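Just so we're clear, the structure is a prediction, and the values are computed from it rather than from any experiment. In what follows, every heavy atom counts, from backbone to side chain, and hydrogens, waters and symmetry copies are set aside. Reminder, nothing fancy here: chain letters follow the sequence lines and each chain counts from 1.
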2 protein chains.
Amino acid sequence: MAASIEDVARLAGVSIATVSRALRGLPDVATATRDRVLDAATELHYVASPFAARLASGRTATVGLVVPWVNRWFFAEVIDKVETALRTSGYDLLLYNLGDARGRGRFFEQLPMRKRVDAMLIASLVMDEQEFTALGALPYPVGLLGMRRPGFLSTCIDDVAGARTAVEHLLERGHRRIGLIGGDADDPMRYTPPLSRHDGYRDALAAAGIEADPQLEAVGYFTVEGGAEAAARLLALPHRPSAIFAESDEMAYGALRSIARAGLRVPEDVAVIGFDDHVLAELMDLSTIRQPVAAQALDITTRLLAAVADPDLVDTEAVTMPTELIVRATTGTFRPGG
Amino acid sequence: MAASIEDVARLAGVSIATVSRALRGLPDVATATRDRVLDAATELHYVASPFAARLASGRTATVGLVVPWVNRWFFAEVIDKVETALRTSGYDLLLYNLGDARGRGRFFEQLPMRKRVDAMLIASLVMDEQEFTALGALPYPVGLLGMRRPGFLSTCIDDVAGARTAVEHLLERGHRRIGLIGGDADDPMRYTPPLSRHDGYRDALAAAGIEADPQLEAVGYFTVEGGAEAAARLLALPHRPSAIFAESDEMAYGALRSIARAGLRVPEDVAVIGFDDHVLAELMDLSTIRQPVAAQALDITTRLLAAVADPDLVDTEAVTMPTELIVRATTGTFRPGG
DNA sequence: CTGTTAGCGCTTTCAA
DNA sequence: TTGAAAGCGCTAACAG
């Protein structure tokens, strides 16, 4: 049986209150006493029971992280960075993976983390009024990563501007017929990037005086396989696009495969640009819009923990981080008709 | 303030003990009573405080998952599958990311999850006697994913055999000078695949009567970048290999890039085979050794939860799942000298 | 600076 | 089938 605070108190010859204080590094403990307590704790391999501590103090030393999927590059990266930041500050990470729309529904219905964390961080979800209200009613700070909302801590990039930049890059290269590979607008998961990146695509075309052609917008479900199928559909059009903007690098990879299998060259026959600067983008020589994943994760985690430490001083200003156009071979120097 | 069990008891007109029993679905509660309690709980949006429940019952309804890294494909996949399996059974996932050797050291020194989970699952670590002893002394079942050890629940693949198969495939294709891209043998993280896959490589060569040439063994650190650099070194050898076995697909991708940049063809000049069947392997047309990640994760999680439910019936037989050779273009049909 | 004591919100005997 | 009451192992006033 593991040692309890009483065992330590007995061995050190003090009361359990003193043990508690000494071990937590509170002031007003004589150095000699503290040393005796620490020695006793070490000798008994004592660690406080987190549940008892939480029940008594009300603080959980845990932050909940909610992601729509864990096995997609962006989220794996986010989990990594958030976990490290939390661990460094002495917090545990409770991971909640929505997985699909049903899981998402269950989550908002039950808010299973309601009573078990000191703060919650949610990534990349489009939420409705009711959902925001539910989150806002939680008795602790809630942070948003990848979206913004007045009253909540939030850190994100400007997805619309990023997508616009990508399409403008293609326009500058002389492309006029630009295909889009995006997410499913009706996906009940309501994941943010498909919506905002789609807007950016439309904006850029409109600014260039090009009418959007629904035929050129294919659904790739944000997966490699989906991107490949979407590209195949675009390539099969009577008048196929000369360039494709994929809303994620993973879909762009799939597109590259379909283009190659169709016997076409990149960028001569079809130029391709993705979004994210995924770890393999450089390897694939894929032009893309880079977004700072680690910096976003670190920023929101740090501010969230600050809000936990001092709830009165919550910094709910939305932080927007810059994206960057990375030009590689898939949008090369080739200009259609030029 | 959130409702407590007392509020529910008062509203339902019963004692808190009855509320507790009714809500947990214990037998010996009159149907009418149970309904009244459920109604009251719903009305008050009551959820039991997990900490109080844990303190009182000793059960945490949480499983700890320890991984060396979270942002590598294999582990992201494992986390996803384990999380889903746990969630389905009503367990929370507490994620612990070692990150580096220091983090690993801290973990085994402090065993921070010691008192906060009902079971622990550790993935892909080579552990020493002392570490196994520490884990074995935990008051709950510990599962191993990707390694085996008598007395512990474990599920893994036969990495040695998988690597042997990969190299045998190259040998059958007529290659005699086969390079290896692996991990760093001195890496203090002590991650399992580099060791066992290296053994498989050596075994296959020995069985074919080929003497291992240390020059042909390059360190790629299990990253794309590392794989690229390792391949560049192999290609720069006076007598370069005609084939390369990379211990992970991610390193193989890097190798493919270096080969292409060196102006060489795959598989004519250099054949390449990886390991894992990473999500992009098919896209890259990479031959590889497929391992069942989801099946392994599900198997160990299920058995671990069974052990939690009935500690007397722990099934410590090691389960070994099959790997499969997937032949694609990078080992093509080309035969050197043939 | 240290000890006493009253909870934190549940679960779990034990009695009724 | 239900209720009373004793903890679970800590933290946090409050006293001294």
Taking OP1 and OP2 of C/dG9, is either one under 4.0 Å from a side-chain nitrogen or oxygen of B/Ser4? no
In whole angstroms, the gap separating C1' of C/dC1 from CZ of A/Arg21 amounts to 8 Å
Regarding the side chain of A/Ser15, the nearest nucleotide among D/dA12, C/dT11, C/dG3 is C/dG3
Scan side-chain atoms only and decide if A/Arg34 and A/Thr18 contain a donor-acceptor pair under the 3.5 Å cut-off.
no
B/Asp28 atom CG is separated from C/dC14 atom C1', nearest whole Å, by 14 Å
A/Glu6 CD to D/dC10 P, in whole Å, measures 9 Å
The nucleotide from C/dC1, D/dA13, D/dG9 with an atom nearest the side chain of A/Ser49 is D/dG9
In short, the helix from C/dC1-D/dG16 to C/dA16-D/dT1 is bent end to end, axes from five pairs each side, to 10°, by 30°
Phosphate OP1/OP2 of C/dC1 contacted by A/Thr33 side-chain N/O (<4.0 Å):
no
- Task: Establish, yes or no, whether the cationic atom of A/Arg149 lies under 6.0 Å from the six-membered ring centre of A/Phe132 and within 45° of the ring axis.
- Result: yes
| query | Base, sugar-phosphate, or nothing for A/Arg54, non-hydrogen atoms under 4.0 angstrom? | reply | nothing
Walking DNA chain D from its 5' end, the first of A/Ala56 and B/Ala56 to be reached, judged by nearest nucleotide, is B/Ala56
**Prompt:** Has A/Thr18 got a side-chain N or O lying under 4.0 Å from the OP1 or OP2 atom of C/dG3?
**Reply:** yes
Paired with B/Val82, the side chain to side chain contact (heavy atoms under 4.5 Å, CB included) test is passed by just one of B/Leu86, B/Ile79, B/Asp80, namely B/Leu86
Whole-Å distance, B/Arg24 CZ to D/dT2 P, equals 15 Å
Heavy-atom nearest nucleotide on DNA chain D taken for A/Ala52 and for A/Arg59; more 5' hit belongs to A/Ala52
To the nearest angstrom, the CG-C1' distance between B/Leu44 and C/dG9 comes to 15 Å
note: A/Leu55, atom CG; D/dG7, atom P; distance rounded to Å ~ 17 Å
Any base atoms under 4.0 Å from B/Ala17, or only sugar-phosphate, or nothing? Heavy atoms, all strands.
base
Ranking C/dT11, D/dG9, C/dT2 by distance to the side chain of B/Ala53, first place goes to C/dT11
Quick one about B/Thr62 and B/Arg116 (side-chain donor to acceptor, distance below 3.5 Å, no hydrogens or angles considered), yes or no? no
Which of A/Phe75, A/Trp69, A/Phe107 passes ring pair (Phe, Tyr, Trp, His ring centres under 6.0 Å) with A/Tyr96? Answer is A/Phe107
CD/B/Glu317: more than 12 non-hydrogen atoms of other groups inside 6.0 Å = no
Surrounding CD of B/Gln110 (heavy atoms of other residues, nucleotides or ligands, distance under 6.0 Å), is the total greater than 12?
yes
B/Leu26 CG to D/dT2 P, in whole Å, measures 12 Å
Picking from D/dT2, C/dC10, D/dG3, the nucleotide nearest the side-chain atoms of B/Val14 would be D/dG3
Rounded to whole Å, CD1 of A/Ile5 lies from C1' of D/dC10 at a distance of 6 Å
- Is there a donor-acceptor contact under 3.5 Å linking the side chains of A/Thr320 and A/Arg148? yes
